[in-house]
Amino acid sequence: MADIEAAPQDSTEKPSLGSTPITQDAVFGEITEEGPNYRNVGWLGTIALMMKTQFGLGVLGIPQAFDTLGLIPGIICVCAISVITTWSNYMIGRFKLKHPEVYAIDDAGDLMFGRLGREVFGVSVCIYWIFCTGSGLLSTSIGLNAVSSHGTCTAVFVAVSAIAAYCLSSIRTLGKIQWTAWAGVGCIIVAVLMVTIAVGVQDRPSSAPQEGPWQSDYKLFGNTSFSKAIAAVSSIIFSFSGTPGFFPIAAEMRDPAMYTPALLICQGSVTAVYIAIGTVLYYYCGSYVASPALGSAGSLIKKISYGIALPGLIASTIIVCHFASKYLFVRILRGSAHLTANTFIHWATWLSCTFAITISSYLIASGIPIFSDLVSLIGALFGTFMSFQPMGCMWLYDNWKQGREQPTVKWGLLSGWSVFVIVSGTFLMVAGTYGSIDAIIASSKAASGASAWSCADNSNS
């Protein structure tokens, strides 16, 4: 691998042995041509992986959040959450440069809070990625149902999605699956833009009354209960909660110093798309925006858009499944020569990790009738917990002691900001969890006919 590079901040070059260059990485150890190159993601690939980690069909939940909050408060919430998560993601890059031994969020937890911090963050991120993978499997099954007009049992589509996710997420390095991120981002954007344009030119959304005069009932300011409002805010947070995935992305970059430019491009693009798509869809559809929103422009556009979006849905599932599997894999083999060598133990451990994550996600997604509400709960609890509070703690860990001895205005402002991120994240986590539990209770009463491994159409075809 002649293109193996490493940033001076977190690896050192050793003399070549014969014709084989060796790179010593603080996480992966020696990386040679005899094993996978875990440090081979360029900055363009980083942009793609970041955007695909953040951007998915979660954008189509934003119009419904606007319907609850109102258009103006909704846009303000999107901008505020974007600013906080951009800073949080920026802190990941800075923390990685200062602490090159950090691979995932549990390593940061270990530095800040010891063994307890490692285990709490480790369990949390693993559960979070498993549920995200399960959500991806169900989203893909919705797409397959929509395209095929419910061609077969939904449980079969979920199983097919799981098989595809297992095969492609078993590619060992992010550098070699970054093409799925590019394809996924492109497909999702095209599909969403198609629906957005379609709702703008059609007479009325498909779920609106089809007879008589009709006008969009969008609201500039909403009037709703606290529980529904905080659930709407949580759905926006969930759209920006790819933050834990930025740790392994930074760890596999060829040059971590390019992390910040890639991050700014990613967050700026994602925020602009969220606001533009959410505003246009909500303006034209109002409360009649479909769920999922790709159905807002009628059955034909729904089929076409889902057909285009399918590669993006699969790509999201592949990447989050890879994150969860790689976390387990690195944790098991870290410090061992098997981590970067093509040995039997290496392959057996890696394939076992991807299989375990895929099966767990499949069983949870198919076996829990109220899975969508449970995903909202996991997102509100773990998504917020890993996107806000740890990053405020990371800044304080690196700067509190030194700054307190020689305080400056900048240090004081950043200290206050870090505390604000921790406090606001804690409030949103607790309130969002409450709202999600309230929704689960309501769904449990309403969905008396729901069943595990259901064959029912989940796309409303």
Side-chain angles (χ1 to χ4, degrees), residues 1-6 10-14 16-41 49 96 99-110 115 118-119 121-130 133 162-178 180 244-245 247-254 317-363:
M1 292 183 178
D3 61 341
I4 292 179
E5 298 178 19
D10 69 345
S11 61
T12 55
E13 290 290 331
K14 288 187 175 182
S16 296
L17 298 179
S19 60
T20 304
I22 298 176
T23 301
Q24 183 69 29
D25 182 77
V27 173
F28 299 105
E30 290 186 341
I31 300 176
T32 70
E33 288 186 346
E34 282 71 34
N37 182 4
Y38 288 112
R39 293 292 306 281
N40 199 30
V41 179
L49 289 166
K96 173 64 179 175
H99 309 279
E101 70 276 13
V102 169
Y103 171 73
I105 195 170
D106 66 314
D107 292 325
D110 185 49
R115 181 63 183 271
R118 173 181 291 278
E119 300 306 330
F121 284 118
V123 171
S124 298
V125 77
C126 204
I127 292 174
Y128 180 64
W129 288 135
I130 287 173
T133 304
I163 293 170
Y166 171 71
C167 293
L168 292 174
S169 65
S170 294
I171 299 173
R172 291 179 291 174
T173 67
L174 286 175
K176 289 189 176 180
I177 65 171
Q178 59 187 343
T180 66
F247 280 95
I249 291 172
E252 295 200 31
M253 288 185 70
R254 284 200 294 262
T317 311
I318 291 167
I319 291 171
V320 294
C321 183
H322 183 93
F323 284 155
S325 305
K326 184 71 73 62
Y327 165 75
L328 291 178
F329 176 71
V330 172
R331 179 112 189 226
I332 292 170
L333 292 184
R334 192 166 187 170
S336 164
H338 298 290
L339 183 61
T340 56
N342 292 324
T343 62
F344 173 79
I345 292 177
H346 170 96
W347 277 106
T349 305
W350 171 238
L351 295 178
S352 296
C353 288
T354 54
F355 183 76
I357 295 298
T358 304
I359 289 295
S360 299
S361 303
Y362 169 74
L363 292 176

>> Any donor-acceptor pair under 3.5 Å linking the side-chain atoms of R254 with those of N37?
In response: no

>> Can you list everything that forms a side-chain contact (heavy atoms from CB on, under 4.5 Å) with I332? Sequence neighbours excluded, please.
In response: T349, C353

>> Before you tell me yes or no, could you show the steps for H338 and W350 under side-chain contact (heavy atoms from CB on, under 4.5 Å), namely the whole-Å CA-CA distance, both residues' side-chain angles and the distance that decides it to 0.1 Å?
In response: CA-CA 10 Å; H338 298 290; W350 171 238; over 6 Å; no

>> Return the CG to OG1 distance between L168 and T317, rounded to the nearest 0.5 Å.
In response: 10.5 Å

> Using 30° and 60° as the class limits, which term best fits the ring planes of F355 and Y166: parallel, tilted or perpendicular?
Replying inline: perpendicular

>> Using 0.5 Å steps for rounding, measure from the CG atom of D110 to the CD1 atom of I105.
In response: 13.0 Å

> Where do P244 and V125 come nearest, in terms of heavy atoms and distance?
Replying inline: CB-CG2, 3.9 Å

>> Could you report the tightest heavy-atom contact between G109 and F121, atom names first, then the distance?
In response: CA-CD1, 3.5 Å

> How about H346 and F329: do any of their side-chain heavy atoms sit closer than 4.5 Å?
Replying inline: yes

>> Within this structure, what is the OH-CD1 distance for the pair Y362 and I163, rounded to the nearest 0.5 Å?
In response: 9.0 Å

> Could you give all pairs that pass the salt bridge (charged side-chain N to carboxylate O under 4.0 Å, His left out) test and reach residues 329-339, with sequence neighbours left out?
Replying inline: D106-R331, D107-R334, E119-R331

> Step by step, would you call L333 with I345 a side-chain contact (heavy atoms from CB on, under 4.5 Å)?
Replying inline: CA-CA 9 Å; L333 292 184; I345 292 177; 4.2 Å; yes

> Which residues pass the side-chain contact (heavy atoms from CB on, under 4.5 Å) test with A108, sequence neighbours left out?
Replying inline: F95, M112, F247, M394

>> Which heavy atom of S325 sits nearest to which heavy atom of C321, and what is that distance?
In response: OG-O, 2.8 Å

> After noting the C-alpha distance and the side-chain angles of K96 and V27, does the key distance pass the side-chain contact (heavy atoms from CB on, under 4.5 Å) rule?
Replying inline: CA-CA 11 Å; K96 173 64 179 175; V27 173; 3.7 Å; yes

> Is any side-chain heavy atom of Y38 less than 4.5 Å from a side-chain heavy atom of L174?
Replying inline: no

> Have E30 and T32 got a donor and an acceptor in their side chains that come within less than 3.5 Å?
Replying inline: no

>> Please find the pair of heavy atoms, one from S360 and one from A356, that lie closest to each other, and give the distance.
In response: OG-O, 2.7 Å

>> Quick check: closest heavy atoms across T340 and I31, and the distance to 0.1 Å?
In response: CG2-CG1, 4.3 Å

> Will you find, in the side chains of T354 and S170, an N or O donor that is under 3.5 Å from an N or O acceptor?
Replying inline: yes

>> Strictly distance-based, threshold 3.5 Å: is any side-chain N or O of R39 a donor or acceptor partner for the main-chain N or O of M253?
In response: yes

>> When you compare the side chain of V320 with that of Y128, does any pair of heavy atoms fall below 4.5 Å?
In response: no

>> Would you compute the distance between atom CD1 of I359 and atom OG1 of T133 and round it to the nearest 0.5 angstrom?
In response: 12.5 Å

> Which atom names give the shortest non-hydrogen contact between G175 and Q178, and what distance separates them?
Replying inline: O-NE2, 3.1 Å

>> Once you measure the plane-to-plane angle for Y103 and F28, does it fall in the parallel (<30°), tilted (30-60°) or perpendicular (>60°) bin?
In response: perpendicular

> At what distance, to the nearest 0.5 angstrom, does CG of D25 lie from CD of E252?
Replying inline: 9.5 Å

> When rounded to the nearest 0.5 angstrom, what is the spacing between OH in Y327 and CD1 in I357?
Replying inline: 10.0 Å

>> Quick check against the 3.5 Å criterion: does H322 have a side-chain atom that pairs as donor or acceptor with the backbone of S169?
In response: yes

> When you measure from the side chain of K326 to the backbone N and O of T173, does any donor-acceptor pair fall under 3.5 Å?
Replying inline: no

